[in-house]
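Read the structure below first, then the notes.
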Amino acid sequence: LKIRVSCPKCMNENIRDVSFVHVSIRDDGTYEFVCPKGHNAFVTLQEQRFEVLFDIGAHAIVDGYYREAVSSFAASLERFFEFYVRATLAENAIPDSIVDGSWRLVRKQSERQLGAFIFIYTLINRRTPKILSEQRVAFRNGVIHEGKIPTYDDAIDFGQSVLDVVRPLLLEAKQKFPKGVETTVIAHIRKASEGAPPLGRGGMTIPTIIKLNAGEASYHDTPLKDHISRIERSRHVR
Ligand SMILES: [Zn+2]
């Protein structure tokens, strides 16, 4: 998965003559490069890890890597649960340093993180969350831990089931604790742009499939299969 990044210094100088570079997705969300006009640029991607990981999974399907797709979708779901937990704690004005300290205790074990999510959700919503079915969890474990080789249909089905878990939770989170969601997004961007030089820095957003800041509710109804077709078409155009 490569993304197209525009140079913020070119944008400042002349919006009609902006240089672009294509870069591979990075773990830290920051892109430092020299544009074709020689500017030193520093761009921060605004998307959260769960948004980016899900798109990496979709691109893996297009590329025919179904095991990798399943693994990225599963990672996206785990990071979404982390986002949900952090956003609720931020809404309740728990300082970052305390949240980070508590997260450290669950960081290495995804089962602990899932437990944290389930009970925070229950506390806030007074009901049990809908998570992946046992059958899909068994499928994921087979792929990730036992080397099972999924088909195209398996990968689509699993990705769609992750979307079906995340989307309603995301919309609900934005409604119920908008401040916490916003604070968590801003903290993520601030962390990613740490150490950026004050000049030539910029922000960027990409149209991911799970999209935190998509305004239209219908955006969240598009099936994974349609997104896969869109990615295939966009590659043909290129
Ligand atoms: Zn430039």
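Note that ligands are numbered from 1 as they come in the structure, with each ligand's atoms numbered from 1 the same way.
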| query | Between Glu172 and Arg127, does a salt bridge (Lys or Arg N to Asp or Glu O under 4.0 Å) hold up when you go through it step by step? | reply | CA-CA 13 Å; Glu172 204 178 68; Arg127 62 171 182 272; 2.6 Å; yes
| field | Atom pair CG (Asn213) and CD (Glu182), whose distance is rounded to the nearest 0.5 Å | value |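 Rounded to the nearest 0.5 Å, the CG-CD separation comes out at 11.5 Å.
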| How far does CG of Leu169 sit from CD1 of Ile131, to the nearest 0.5 angstrom? | 10.0 Å
| query | Which count of protein N, O or S atoms is obtained for distances strictly below 2.8 Å from the Zn ion (ligand 1)? | reply | 4
| query | Going by the angle between their ring planes, with limits at 30° and 60°, are Phe83 and Phe50 parallel, tilted or perpendicular? | reply | tilted
| query | Is there any ring pair (Phe, Tyr, Trp, His ring centres under 6.0 Å) pair reaching into residues 157-183, and which pairs are they, with sequence neighbours excluded? | reply |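 Qualifying pairs: Tyr84-Phe177, Phe139-Phe158.
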| task | Indicate yes or no: does Arg86 engage Asp96 in a salt bridge with an N to O separation below 4.0 Å. | result | no
